[in-house]
There are 2 protein chains.
Amino acid sequence: MASSEPIVPSSRVAANHAATRTAAGRLRVAVPSVADRVADELRLQLAEGALLPGTRLTESTIAEDLGVSRNTVREAFVELASERLVVRHPNRGVFVASLEAGDIHDVYTVRRAIEVSAMRAGGSPENVAAVRAAVEEGKRAAAAGDDEALGTANQHFHGAIVAMAGSPRLNSIMGQVLAEMRLFFHKATVDAQFYHHYLKDNETICLALESGELDRAADLLQAYLDRSEDNLSEVHGEAGTD
Amino acid sequence: MASSEPIVPSSRVAANHAATRTAAGRLRVAVPSVADRVADELRLQLAEGALLPGTRLTESTIAEDLGVSRNTVREAFVELASERLVVRHPNRGVFVASLEAGDIHDVYTVRRAIEVSAMRAGGSPENVAAVRAAVEEGKRAAAAGDDEALGTANQHFHGAIVAMAGSPRLNSIMGQVLAEMRLFFHKATVDAQFYHHYLKDNETICLALESGELDRAADLLQAYLDRSEDNLSEVHGEAGTD
DNA sequence: ATCGAAGGATTGTTGAACAATCTGTAAATT
DNA sequence: AATTTACAGATTGTTCAACAATCCTTCGAT
């Protein structure tokens with residue numbers, strides 16, 4: 001189930017390469033710890049759908065698979081739990097998180113707050129260009145019939161919107177929220193129609209943004225998110241087979 | 001510096017008493033793990049100002065002080081780092097986080113997004129009553145000349161605003177942000193005037209909320225946060241003695 | 001069928017060990 | 001004198017092994 005490589009590579013996922021500054025002022029690139037690489041590897045497998053919601057993650061198994069100690073796996077679990085990607089049940093183990101109906105609403109509440117706020121504040125020309133780029137990326141993916149890429153492009157679109165605020169904390173929150181949603185998509189196997197439906201909306205919102213009509217763009221975005229939540233809630237009703 | 005009690009009590013801070021459900025459906029109250037209690041204890045000391053920003057937290061020292069093993073302290077550190085209350089410098093140690101000028105702006109960006117959004121959506125009568133209660137709590141504290149309580153009341157006020165959204169995730173984000181700000185206040189020793197100045201604003205905002213003028217209340221809140229950020233940035237300029 | 005008592009498995013936590021890395025100091029060099 | 005180098009001490013990063021506590025399952029008794 002997990003990779004059989006003895007040691008986890010350190011560059012597959014965009015890691016938090018925190019650059020520190022030593023006492024003398026020399027710049028020092030922080031090498032990711034083993035625990036971080038384990039967390040990265042698990043995050044990757046979660047994003048790819050290799051580990052589906054509800055799956056149990058046994059410490060010893062993962063430790064062996066990745067060739068690290070149990071304690072190290074444990075540290076990674078604490079981190080992933082704080083990102084809500086896994087849930088820790090005391091004395092029972094950790095499980096891949098699974099979004100319930102209430103969670104979907106909650107996630108969208110966060111997205112509405114963050115995305116709409118970022119949109120209302122607008123961003124630099126470069127930021128706006130990044131939003132446009134994500135829209136075009138989506139069009140290309142749709143033309144090529146690549147549904148996987150279409151979903152990715154959509155996430156880029158919303159990520160670019162939040163990035164306009166230029167806030168590391170908002171970016172990180174948004175990243176976590178999108179990671180949570182990815183988890184859900186793999187469980188529910190949302191069909192491609194889901195994304196195609198929103199291609200035009202993205203274009204419209206982007207146009208409003210580019211013409212400086214921030215309030216209108218924000219309202220459109222809000223409506224978009226409301227509709228998106230409704231759609232996903234329906235999907236959830238069908239998917240909840242447990 | 002740290003408590004000399006051999007074991008950390010488990011009830012001093014509002015812990016995440018995650019209630020699990022066993023296979024048979026029986027409800028099970030999760031007893032906080034030692035690592036969680038260590039994290040709670042450190043959170044408490046950080047909130048109380050017993051550990052000032054920049055302070056180094058040595059693993060072995062804390063392990064001895066609290067009578068737990070280094071590995072357990074380590075787990076607590078991972079958690080606190082994910083909340084940005086401490087910063088981990090690889091191979092150098094963990095330090096109590098310290099808000100720089102950019103961080104203050106960033107924190108307020110998050111607050112604007114979350115609080116204003118919650119205010120625009122409004123809340124149930126109970127939620128509004130909680131906001132009112134926080135306002136009155138602040139008045140009482142001011143009348144009693146208790147500056148500490150005044151600051152707490154102010155945080156309750158903003159916490160209650162976010163709570164209107166009824167979103168666990170937003171509440172948790174807001175909790176973290178407020179914890180970060182508490183850290184800053186202890187370093188900068190903001191004077192009492194800072195809070196007194198905002199007593200009237202809280203009242204005004206609360207009135208607008210109670211009369212159902214959500215958009216106006218949201219605008220007032222936004223202006224409030226802008227001003228608050230400016231004030232704090234000034235304070236930061238004076239406080240940054242390093 | 002319900003209940004309770006083993007048994008096995010997994011987690012929670014500890015303690016010790018060791019390599020890697022950092023910090024500060026003292027010696028050596030220019 | 002200033003800079004570099006070398007070294008020793010301390011702390012972190014990680015592993016390993018052990019054991020108690022807890023959970024889940026199975027088996028047996030009622």
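We name chains A, B, ... by the order of the sequence lines, and we start the count at 1 in each one.
Of the possible donor and acceptor atoms, none in the side chain of B/H105 sits under 3.5 Å from a partner among the backbone N and O of B/A101. The main-chain N or O of B/T61 is never found under 3.5 Å from a side-chain atom of B/T58 such that the two would form a donor-acceptor pair.
A salt bridge links A/R112 with A/E229: at least one charged nitrogen is closer than 4.0 Å to a carboxylate oxygen. We find that A/D40 and A/R43 are joined by a salt bridge, their nearest charged nitrogen and carboxylate oxygen being less than 4.0 Å apart.
Between the CG atom of B/L66 and the C1' atom of C/dT14 there is a distance of 15 Å, given to the nearest Å.
Sorted by first then second residue, the salt bridge (charged side-chain N to carboxylate O under 4.0 Å, His left out) pairs that include residues 156-171 of chain B, not counting sequence neighbours, are A/D103-B/R169, A/D106-B/R169, A/E180-B/R169.
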Find every protein N or O atom lying less than 3.5 Å from an N or O atom of nucleotides 8-14 of chain D, and list the pairs.
unit_1, atom_1, unit_2, atom_2, d
D/dT11, O3', B/R56, NH2, 3.3
D/dT12, OP1, B/E59, N, 3.3
D/dG13, OP1, B/N91, N, 3.3
D/dG13, OP2, B/R74, NH2, 2.1
D/dG13, O5', B/R74, NH2, 3.0
D/dG13, N7, B/R70, NH2, 2.8
D/dG13, O6, B/R70, NH1, 3.3
D/dT14, OP1, A/V34, N, 2.4

